[in-house]
Peer 1: 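Below: one structure in structure tokens.
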Amino acid sequence: MEQRKLQIRDLTLRDGQQSLFATRLSQAEIDKLLPYYENAGFYIMEVWGGAVPDSVMRYLGESPWDRLRSVSKVMKGKSLLSALSRGRNLFGYVPYPDYVLEGFYKEAIANGLNVMRIFDALNDIDNVKESIRLINSLGGIADGAVCYTVDPKTEAPEPKGFFAKLFGKKPAEPEKIFTDEYFVNKAKEMEALGAKIITLKDMAGLVNPLRAASIISKLKAALKVPVDFHTHCTPGYGLASSVMAIINGVDILDTNIWWFGGGSAAPAIELIYLFCQKLGVEIEADMKAVGEIRTRLRAARESLKAFDLGKMPREFDPLTDKLPAEIDAQLDRAIAAAKALDEETLLDACHKIEEYFGFPKPNEIVKNAEVPGGMYSNMVAQLKALGAEDVLNDAMALIPMVRRDAGLVPLVTPTSQIVGSQAVSVALDRKKGNPDYSNPSNQFISLVKGEYGHTPVPVDPAFREKITGSPVEKPYDVSSYKKPENPVLPEYGNVPLASNREEELLLELLPTVANTFLRNLRAEEYKATAKEEEAKAQAEEAAKEPEEPITGPTLKAPMGGRIISINVQPGASVKKGETILVYEAMKMENDVSSERDAVVKRIFVKPNDVVGTDAVLVEFE
């Protein structure tokens with residue numbers, strides 16, 4: 001009988017560094033690793049998409065296209081290169097028209113991309129079908145990702161009165177939505193549309209081992225295309241669930257190389273290799289070449305120490321290092337437990353193995369709250385910035401309510417950020433004694449309105465009317481999409497902001513970040529002028545006279561953020577409720593409206609200014 005084989009999708013250069021080190025791995029560090037990747041034999045390497053296009057421009061001043069090209073040039077087609085995209089939203093937050101999707105995919109494939117893993121935050125098939133069709137028609141491989149999520153926990157209201165506590169009935173549990181059949185049916189729909197791979201994408205690491213066994217076995221029975229399993233180790237399930245997925249026939253497993261594995265990332269391939277050796281499963285990767293990458297990857301991790309929140313695991317080479325007898329026994333114990341569907345023992349054995357090697361312990365907060373680790377850390381950072389850390393527990397407890405109100409959306413980018421930020425906002429509303437949803441973000445309004453797509457369960461029309469002003473679901477009108485302007489920059493010699501189609505696509509997908517990145521690029525190409533302009537601007541700023549004191553009514557910032565646009569000018573008459581400006585706070589866009597009929601006297605901010613809570617934005621006459 002031929003030995004069963006397991007194909008590997010290596011996530012180290014994309015999801016691994018994104019999960020552990022805020023996507024700060026520079027092109028220079030990647031270039032040192034690529035020669036050793038060439039012969040590693042990975043079926044797929046995930047090198048692009050996710051947060052990479054945003055982060056490499058925003059933090060590293062690098063071109064996403066250059067990154068894709070550089071990897072493709074070295075790999076020479078020996079491993080398929082993959083990216084992650086959000087269906088109709090690609091890497092941005094707007095549902096793009098088909099011509100934008102086609103232009104982007106065409107450029108990506110021309111620059112070396114082979115596999116596009118396509119997901120939708122709502123698991124709305126309508127949002128992925130055109131991407132699947134386009135990728136296939138352009139010669140790529142469409143990988144349909146079904147986003148895993150769980151039904152939110154329900155908390156029974158506290159019974160009132162002695163007899164109610166003794167004899168009161170427990171309220172009925174809401175109907176379960178996210179059953180095995182839900183995920184299998186979504187997968188079958190994607191396969192029917194032309195997906196050549198189906199991924200169970202567990203972005204929060206919430207697939208526990210028994211659920212992995214159940215869903216993976218059902219996907220294998222229902223589908224003809226290969227099944228991939230993607231998970232994270234954050235709440236402590238990742239390694240055990242991956243072992244269970246292997247036992248139940250998964251075709252492709254997503255892993256990272258040692259120094260970039262475990263914790264909030266996917267499991268380390270070295271641990272998977274140990275299990276496969278005992279299971280009689282052949283990993284389709286050259287573990288000697290993996291070891292060469294691992295040796296050099298440690299230095300790459302050390303270069304990221306400013307973003308490294310964990311401790312380094314101990315050195316280990318599965319090809320040469322002998323396991324202690326007690327850890328070898330834990331491997332056998334884990335496999336026996338997995339085959340017996342003994343989840344508790346399987347998890348205990350895997351945790352002991354991870355503990356021995358020095359990988360992070362399970363994050364109990366994330367496990368109990370059942371939210372992605374990135375969503376939790378983002379909420380903590382938001383509240384810290386607002387000086388309101390005391391409402392964190394309240395905000396976490398509000399997540400199930402906000403999810404249900406918004407249509408029971410899965411928690412994956414961007415819905416995890418939208419729901420998390422809105423839970424924070426509601427917690428602050430309650431702290432101030434205001435009604436819930438007093439300050440819905442623009443993105444939450446769009447989500448409830450229906451602009452992100454169809455939610456797993458319909459939004460209550462009364463709630464939609466409360467948030468959006470209308471009970472009617474209104475999908476995003478792609479015909480209203482306006483291509484961002486590509487202005488001529490006189491300060492840099494009258495050159496256009498985007499100089500080619502690649503840069504134009506960056507502007508379309510990530511307009512704010514790309515605008516800054518491209519301006520910096522043009523500045524580098526015209527340094528003398530840039531320095532001259534900077535000196536001139538500094539001189540003009542220094543020459544400004546002190547502003548007169550504020551005497552009229554003012555409009556203040558409800559919370560800290562960055563100014564995106566200003567809709568009025570001094571001297572303008574405005575009506576109560578009219579939008580004065582738009583600012584970004586907690587990654588959400590928010591309208592700031594006039595509280596009165598008035599005439600604008602002075603405006604104290606400009607686009608891209610960062611302001612604090614209660615900062616004066618506008619003075620009225």
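No hydrogens, no waters, no symmetry mates; every other heavy atom, side chains included, goes into these values.
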Peer 1: Show your working on ring pair (Phe, Tyr, Trp, His ring centres under 6.0 Å) between Tyr476 and Tyr452 and close with a plain yes or no.
Peer 2: CA-CA 7 Å; Tyr476 182 82; Tyr452 283 90; 8.8 Å; no

Peer 1: So do Ile564 and Tyr583 actually touch side chain to side chain, heavy atoms under 4.5 Å?
Peer 2: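 No, their side chains stay 4.5 Å or more apart.
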
Peer 1: In terms of ring plane angle, is the pair Trp48 and Phe104 parallel, tilted or perpendicular, where the classes change at 30° and 60°?
Peer 2: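 Rings of Trp48 and Phe104: parallel, under 30°.
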
Peer 1: Should the pair Arg58 and Phe517 be classed as cation-pi, given the thresholds of under 6.0 Å to the six-membered ring centre and 45° from the axis?
Peer 2: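 Because its charged atom misses either the 6.0 Å distance or the 45° angle limit, Arg58 does not stack over Phe517.
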
Peer 1: Side chain to side chain donor-acceptor pair (under 3.5 Å) between Asp143 and Thr199: does it pass, once the steps are laid out?
Peer 2: CA-CA 7 Å; Asp143 174 5; Thr199 297; 2.9 Å; yes

Peer 1: Does the Gln17 side chain pair with the main chain of Leu13, one donor and one acceptor, at a distance under 3.5 Å?
Peer 2: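 Such a contact is found between Gln17 side chain and Leu13 backbone.
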
Peer 1: Salt bridge check, Glu503 against Arg522: does any charged N sit closer than 4.0 Å to a carboxylate O?
Peer 2: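 Counted as a salt bridge, because a side-chain N and a carboxylate O are separated by less than 4.0 Å.
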
Peer 1: Indicate yes or no: does Glu38 engage Lys78 in a salt bridge with an N to O separation below 4.0 Å.
Peer 2: yes

Peer 1: Where do Leu34 and Val74 come nearest, in terms of heavy atoms and distance?
Peer 2: O-CG1, 3.6 Å

Peer 1: How many angstroms lie between atom OG of Ser573 and atom CG of Asp597, to the nearest 0.5 angstrom?
Peer 2: 9.0 Å

Peer 1: Hey, does the Lys NZ or Arg CZ of Arg86 hover above the aromatic six-ring of Phe91, less than 6.0 Å from the centre and inside 45° of the axis?
Peer 2: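 Pair Arg86/Phe91 does not count as cation-pi.
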
Peer 1: Side chain to side chain donor-acceptor pair (under 3.5 Å), that's the test. Do Glu504 and Asn500 meet it? Break it down for me.
Peer 2: CA-CA 6 Å; Glu504 288 174 0; Asn500 54 43; over 6 Å; no

Peer 1: Determine, for Glu621 against Arg602, whether the closest basic-nitrogen to carboxylate-oxygen distance falls under 4.0 angstrom.
Peer 2: no

Peer 1: Test side chain to side chain donor-acceptor pair (under 3.5 Å) on Glu589 and Ser441; report intermediate values, then the result.
Peer 2: CA-CA 6 Å; Glu589 291 184 6; Ser441 70; over 6 Å; no

Peer 1: Is a side-chain donor or acceptor of Ser72 paired with a backbone partner of Arg69 at a separation under 3.5 angstrom?
Peer 2: no

Peer 1: Tell me whether Arg298 forms a cation-pi arrangement with Trp259, defined as NZ or CZ under 6.0 Å from the six-membered ring centre and within 45 degrees of its axis.
Peer 2: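 Here Arg298 passes the 6.0 Å and 45° test against Trp259.
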
Peer 1: Looking at Glu29 and Lys32, is there a salt bridge between them, counting it only when a charged N and a carboxylate O are closer than 4.0 Å?
Peer 2: yes

Peer 1: So, Asn442 versus Asp591: side-chain donor-acceptor pair below 3.5 Å or not?
Peer 2: yes

Peer 1: Hey, is Asp228 close enough to Arg117 for a salt bridge, meaning N to O under 4.0 Å?
Peer 2: yes

Peer 1: Please determine which of Arg294, Arg296, Glu292 meets the side-chain hydrogen bond (donor to acceptor under 3.5 Å, both in side chains) test together with Tyr36.
Peer 2: Arg296

Peer 1: Thinking salt bridges, do Asp124 and Arg88 make one under a 4.0 Å N-O criterion?
Peer 2: no

Peer 1: Does a salt bridge link Arg9 with Asp254, judged by any charged N lying under 4.0 Å from a carboxylate O?
Peer 2: yes

Peer 1: Between Lys196 (side chain only) and Gly194 (backbone N and O only), is there a donor and an acceptor less than 3.5 Å apart?
Peer 2: yes

Peer 1: Quick one: do Asp609 and Lys606 make a salt bridge, cutoff under 4.0 Å?
Peer 2: yes

Peer 1: Examine Lys201 relative to Phe119 and say whether NZ or CZ is less than 6.0 Å from the centre of the six-membered ring and inside a 45° cone about the ring axis.
Peer 2: yes

Peer 1: Decide whether Ser421 and Gln382 meet the rule of one side-chain donor and one side-chain acceptor closer than 3.5 Å.
Peer 2: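 Indeed, the side chains of Ser421 and Gln382 share at least one donor-acceptor pair under 3.5 Å.
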
Peer 1: Where is the tightest heavy-atom contact between Ser79 and Gly41, given as atom of each residue plus distance?
Peer 2: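 Smallest interatomic distance, heavy atoms only, reads OG-C, 4.3 Å.
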
Peer 1: Asn127 and Gly453: which non-hydrogen atoms are nearest, and at how many Å?
Peer 2: ND2-CA, 3.9 Å

Peer 1: Look at the rings of Tyr37 and Phe42 and say which category their plane angle falls in: under 30° parallel, 30 to 60° tilted, over 60° perpendicular.
Peer 2: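 Plane angle between 30° and 60°, so tilted.
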
Peer 1: Hey, does Pro414 have a side-chain heavy atom less than 4.5 Å from the side chain of Asn89?
Peer 2: no

Peer 1: Tell me yes or no: between the side chains of Ser26 and Glu62, is some donor less than 3.5 Å from an acceptor?
Peer 2: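 The criterion, which ignores hydrogens and geometry beyond distance, is not satisfied for Glu62 and Ser26.
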
